[in-house]
Amino acid sequence: MTYHIHHSLTVFLILFLFIFAACEKDDDNDPSGNDPNDRSANRQGVGASANALLAQDQYQRLVVEVQFPSGFAPRQQTLDNMESFLDRYLNKPEGITVRQSQVSGFGDDAYSIDEIRNIEDDLRTMYTDSNTIAIYLLFVDGERKEDNNNQTTLGVAYYNTSAVLFEETIRNLSGGLGEPDRYKLETAVVNHEIGHLLGLVNNGTPMQQDHQDEDNGSHCDVDDCLMYYAVETGNVVSNLVGSSVPTLDQQCRDDLEANGGK
Ligand SMILES: [Zn+2]
Ligand SMILES: [Zn+2]
């Protein structure tokens with residue numbers, strides 16, 4: 001009887017060791033040496049990777065994964081503008097790559113940020129790995145669930161390397177009579193959300209001088225700066241008509257430079 005129990009335990013232990021050894025072997029076969037299922041590097045708070053994105057000591061390359069359902073792709077001009085913006089401020093000597101892919105439609109009228117996180121879990125394919133840091137931008141076919149008559153959301157940065165763009169809302173507010181070109185509004189919102197991933201304002205990238213609009217969170221108090229709070233709400237729209245896309249003011253630029261950017 002005692003022997004029998006002992007024997008079963010031995011079999012169990014051997015089986016356990018075998019499974020453990022098999023996992024180890026998988027790891028050895030991954031050329032990067034990283035666990036491909038480990039997403040923890042991309043599941044931190046907004047601003048946590050500001051220095052890793054701006055400086056080149058940890059990561060020399062950047063890849064931006066852009067996903068959208070059928071019929072909701074951003075303008076090519078928007079992605080070109082985003083690439084110029086990244087190239088202007090980030091030290092990535094081995095290059096910045098933008099990868100777009102169409103994904104199957106989500107089909108909801110509105111999305112909460114928790115739902116967006118779940119969609120990212122299902123669809124994102126590029127994660128930070130060896131010398132490459134990855135950003136994920138999801139364009140969705142609906143509005144933000146929390147929106148109402150007093151609140152319009154065009155985009156939200158929700159992890160250290162992730163942001164959502166409410167493309168349906170962006171389209172409703174652009175391209176028509178008296179409205180800005182769609183690429184202008186898209187560019188403003190995409191670059192603004194990337195600004196949050198870069199730690200602006202005072203959220204991962206320290207301020208060189210005080211310019212935080214504390215009533216509106218991690219935003220800049222200069223009203224024509226890209227990081228002014230109204231850029232991610234509907235309020236920016238009329239300002240964009242007949243003018244160029246907002247850029248970072250000197251104080252935001254100084255902050256990025258002091259945190260490893262250029
Ligand atoms: Zn913002
Ligand atoms: Zn600013």
Side-chain angles (χ1 to χ4, degrees), residues 44-51 53-54 64 74 78 81-82 84-86 88-90 111-113 116-117 120 135-140 143-148 150-170 173-174 180 184-240 243-262:
Q44 300 170 54
V46 175
S49 291
N51 179 259
L53 286 163
L54 289 162
V64 184
T78 302
N81 292 345
M82 173 188 73
S84 306
F85 179 81
L86 291 165
R88 166 74 182 77
Y89 297 108
L90 275 56
Y111 299 87
S112 68
I113 298 303
I116 296 298
R117 291 178 203 265
E120 172 178 337
I135 287 179
Y136 180 71
L137 299 177
L138 178 67
F139 289 76
V140 294
E143 62 178 5
R144 185 176 180 179
K145 209 163 241 180
E146 294 80 0
D147 279 358
N148 52 46
N150 300 318
Q151 180 190 317
T152 304
T153 309
L154 304 181
V156 174
Y158 57 91
Y159 280 136
N160 56 324
T161 63
S162 305
V164 59
L165 295 308
F166 293 96
E167 179 68 7
E168 187 178 70
T169 308
I170 291 173
L173 295 172
S174 61
K184 278 192 190 175
L185 188 55
E186 284 178 350
T187 300
V189 181
V190 168
N191 289 356
H192 177 99
E193 299 314 328
I194 289 173
H196 285 310
L197 301 183
L198 300 179
L200 295 174
V201 169
N202 199 24
N203 187 42
T205 289
M207 290 188 292
Q208 300 307 296
Q209 26 178 324
D210 183 12
H211 63 108
Q212 184 178 10
D213 175 7
E214 274 141 8
D215 292 342
N216 291 296
S218 308
H219 289 111
C220 180
D221 61 10
V222 176
D223 65 7
D224 61 355
C225 177
L226 175 70
M227 296 314 293
Y228 194 58
Y229 80 98
V231 173
E232 67 192 351
T233 70
N235 302 353
V236 73
V237 173
S238 56
N239 303 340
L240 281 175
S243 65
S244 50
V245 177
T247 55
L248 293 175
D249 81 311
Q250 188 64 49
Q251 298 168 99
C252 283
R253 293 203 300 267
D254 290 346
D255 293 353
L256 296 186
E257 199 178 329
N259 195 23
K262 59 183 186 186

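Because the structure is a prediction, the values reported are computed rather than measured. As a basis for the values below, the full set of heavy atoms in this structure was taken, side chains included, without hydrogen atoms, waters or symmetry mates. Both counts, for ligands and for their atoms, begin at 1 and track the order of listing.
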Determine which of the N, O or S atoms in His196 is closest to the Zn ion (ligand 1) and give its atom name.
NE2

Give a yes/no answer: is there an N/O/S atom of Glu232 under 2.8 Å from the Zn ion (ligand 1)?
yes

Can you tell me, to 10 degrees, how wide the angle at the Zn ion (ligand 2) is between OD1 on Asp249 and SG on Cys252?
100°

Return yes if a side-chain donor-acceptor contact under 3.5 Å exists between Asn202 and His211, otherwise no.
no

How close do Ile116 and Tyr111 get, heavy atom to heavy atom, and via which atoms?
CD1-CB, 3.7 Å

Check whether any side-chain heavy atom of Glu186 sits under 4.5 Å from a side-chain heavy atom of Val189, and report yes or no.
no

With side-chain contact (heavy atoms from CB on, under 4.5 Å) as the test, would you mind laying out the steps for Thr152 and Leu173 before giving the verdict?
CA-CA 10 Å; Thr152 304; Leu173 295 172; 4.2 Å; yes

